[in-house]
Amino acid sequence: MTATMPKLLTAAEFAKLPDPPDGSKQELVKGRIVQMPPPRARHGELQVEIGARLREHVKPNRLGWVVTESGVVLDTDPDTVRGPDVSFYSITRVPQRQQGYFEIPPDLAVEVLSPDDRRPKVLAKIREHIDAGVTVVWLVDPDTTVVTVYTGNMRGVEHHAGDTLDGGDVLPGFTCPVADLFQ
């Protein structure tokens, strides 16, 4: 008797699936559904805080879109759809609001560490974002109150509570004291 492998899903098929009844989060990784528990309260607070800080800069300057947990197709054949905790898409790359999944990677992706996250798995996810074309990834660690900034070289630069985070070339003019994100 031979075991049959389940059919790999496409991003379009994944988009048509109903939300999980238990409220968990799902992503599509190489055609397979990966289920995660819903974020805990602190995780959600940080998503809102980071998203609000970014939006305070992005919206009045008409720089683009700030979204939370919105799907982006990072790879095809087999398809991968990830939902970073917070993302920024510049208006030059995404000139109008999107209805479905984003088809291009964000300029900035933010991942907030959860208590259950394992470093190698998180770093692999960050590498996935970078390989797909994300310019900058912020890894936010609520336990250490450190934001590590990753770019194409994958050499993370740590920003501690006394430091100021900036938007670099992705978000010119954006600054925020790291400590303010964790208050």
Side-chain angles (χ1 to χ4, degrees), residues 4-40 43-52 54-55 58 63-142 147-152 154 156 170-171:
T4 58
M5 294 295 291
K7 178 185 175 291
L8 298 179
L9 295 176
T10 65
E13 292 167 330
F14 181 63
K16 292 179 184 175
L17 295 177
D19 289 337
D22 65 357
S24 62
K25 179 180 171 184
Q26 293 181 332
E27 292 180 329
L28 187 68
V29 180
K30 298 191 181 309
R32 300 193 190 291
I33 295 173
V34 175
Q35 194 158 330
M36 296 156 276
R40 293 184 178 110
H43 188 111
E45 281 181 64
L46 284 167
Q47 281 180 273
V48 170
E49 186 65 36
I50 294 163
L54 291 172
R55 193 164 189 263
V58 168
L63 298 176
W65 320 102
V66 177
V67 296
T68 60
E69 295 188 0
S70 296
V72 55
V73 179
L74 293 179
D75 202 2
T76 57
D77 200 23
D79 294 1
T80 294
V81 178
R82 292 285 195 182
D85 291 315
V86 181
S87 300
F88 163 70
Y89 290 86
S90 69
I91 201 159
T92 57
R93 293 180 63 220
V94 180
Q96 59 191 11
R97 285 192 167 88
Q98 302 293 294
Q99 296 301 314
Y101 295 136
F102 286 92
E103 296 289 329
I104 63 167
D107 298 82
L108 167 68
V110 180
E111 293 289 350
V112 177
L113 277 176
S114 295
D116 300 334
D117 284 337
R118 300 291 172 255
R119 202 73 151 168
K121 195 171 185 176
V122 172
L123 290 175
K125 191 180 210 182
I126 290 169
R127 168 52 67 198
E128 215 173 80
H129 287 304
I130 297 290
D131 287 349
V134 176
T135 307
V136 179
V137 179
W138 293 351
L139 179 61
V140 179
D141 187 338
V147 178
T148 306
V149 177
Y150 291 91
T151 57
M154 284 298 290
V170 170
L171 275 169

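The chain is numbered in sequence order, starting from 1.
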Between [X] (side chain only) and [Y] (backbone N and O only), is there a donor and an acceptor less than 3.5 Å apart?
X: Q26; Y: I33; result: no
X: Q98; Y: Q96; result: yes
X: K25; Y: G83; result: yes

Would a 4.5 Å heavy-atom cut-off, applied to side chains only, mark [X] and [Y] as touching?
X: F88; Y: V136; value: no
X: V140; Y: E111; value: no
X: K30; Y: L8; value: no

State, to 0.1 Å, how close [X] and [Y] come at their nearest heavy-atom pair, and which atoms those are.
X: V81; Y: G71; answer: CG1-CA, 4.0 Å
X: L113; Y: R119; answer: CD1-NH1, 3.4 Å
X: P39; Y: E69; answer: CG-OE2, 3.6 Å
X: H43; Y: S114; answer: ND1-OG, 3.0 Å
X: D79; Y: T76; answer: OD1-CA, 3.2 Å
X: W65; Y: V58; answer: N-CG1, 4.1 Å

| task | Might you confirm whether atom CG of D77 has over 12 heavy atoms from other residues, nucleotides or ligands at distances under 6.0 Å? | result |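 At most 12 heavy atoms, drawn from other residues, nucleotides or ligands, come within 6.0 Å of this atom.
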| query | Between OG1 of T80 and CG of L28, what distance do you get to the nearest 0.5 Å? | reply |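 So the gap between those two atoms works out to 6.0 Å.
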| message | Please report the interatomic distance CZ(R82) to NE2(H129), rounded to the nearest 0.5 Å. | response |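 NE2 of H129 is found 6.5 Å from CZ of R82.
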| request: Classify the side-chain pair S24/Q35 by whether it contains a donor and acceptor separated by less than 3.5 Å. | output: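 Q35 and S24 do have a side-chain donor-acceptor pair below 3.5 Å.
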